[in-house]
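Count residues from 1 along the sequence. All values derive from a computational prediction rather than experimental measurement.
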Amino acid sequence: MPSDQPAWALRRRQAIGTRIRIAREHANLSQVRLGEIVGVDHKTIHRIEHGVSDPSLGLLLQIARAVGVPLAELVR
């Protein structure tokens, strides 16, 4: 995560990560299983959910599909 990003960007990533975590839990998926579905390590899922990682649009699309939630709902 670039250190020169503004604080609001971190807050937005954290909010998106929280929505991803909630959607994952509602889909009854563990971080490990979600990672398997979308082709990343569970640690990557953890970093996304905690706002540490800056995932690509492609990965966000895969996550949204895997948890059964429209991408727009996750990133609103």
Side-chain angles (χ1 to χ4, degrees):
M1 171 177 69
S3 61
D4 61 344
Q5 289 189 350
W8 66 264
L10 174 59
R11 288 190 303 272
R12 289 288 294 137
R13 277 197 313 272
Q14 290 170 332
I16 291 166
T18 296
R19 285 192 288 279
I20 289 171
R21 179 185 51 77
I22 291 168
R24 175 183 58 77
E25 290 173 349
H26 283 173
N28 292 316
L29 296 172
S30 67
Q31 288 180 345
V32 171
R33 183 63 186 130
L34 179 56
E36 291 171 349
I37 293 168
V38 302
V40 298
D41 187 84
H42 72 278
K43 292 176 187 176
T44 299
I45 300 298
H46 176 84
R47 288 190 292 269
I48 291 169
E49 289 183 357
H50 286 85
V52 177
S53 180
D54 208 354
S56 69
L57 176 59
L59 181 54
L60 287 172
L61 287 166
Q62 290 179 35
I63 290 170
R65 184 176 187 152
V67 298
V69 173
L71 177 62
E73 188 174 317
L74 294 178
V75 299
R76 65 177 160 78

Output for pair (Asp54 CG, Arg13 CZ), nearest 0.5 Å, gives 5.0 Å

By ring-ring contact (aromatic ring centres under 6.0 Å, His included), which residues pair with His26, not counting sequence neighbours?
none

Please say yes or no: joined through hydrophobic side-chain contacts below 4.5 Å, possibly via intermediate residues, are Ile16 and Trp8 part of one cluster?
no

All pairs passing ring pair (Phe, Tyr, Trp, His ring centres under 6.0 Å) where residues 54-76 contributes a residue, at least two apart
none

Would you check if Ile20 and Leu60 make a side-chain contact, meaning some heavy-atom pair closer than 4.5 Å?
yes

Is it true that a side-chain atom of Thr44 and a backbone atom of Val40 form a donor plus acceptor pair closer than 3.5 Å?
no

Euclidean distance, Leu29 CG relative to Leu34 CG, rounded to 0.5 Å
6.0 Å

The criterion is side-chain hydrogen bond (donor to acceptor under 3.5 Å, both in side chains); which residues satisfy it with Glu49, sequence neighbours excluded?
Arg24, Gln31

Could I get the full list of side-chain hydrogen bond (donor to acceptor under 3.5 Å, both in side chains) partners for Arg33, not counting sequence neighbours?
Glu36

Show every ring pair (Phe, Tyr, Trp, His ring centres under 6.0 Å) that has at least one partner inside residues 46-76, sequence neighbours left out.
His46-His50

All N/O donor-acceptor pairs, side-chain side in residues 68-76, below 3.5 Å, sequence neighbours left out:
none

Can you sort out the partners of Arg19 under side-chain hydrogen bond (donor to acceptor under 3.5 Å, both in side chains), two or more places apart, ordered by chain and number?
none

Shortest non-hydrogen pair, Ala66 vs Val38, comes out as CB-CG1, 4.1 Å

Contacts of Glu25 meeting side-chain contact (heavy atoms from CB on, under 4.5 Å) (sequence neighbours excluded), chain-then-number -> Arg21

Joint hydrophobic cluster, Ile63 plus Leu61, side-chain heavy atoms closer than 4.5 Å:
yes

Got a sec, which hydrophobics cluster with Ile22, joining ILVMFWY side chains under 4.5 Å apart, including via others?
none

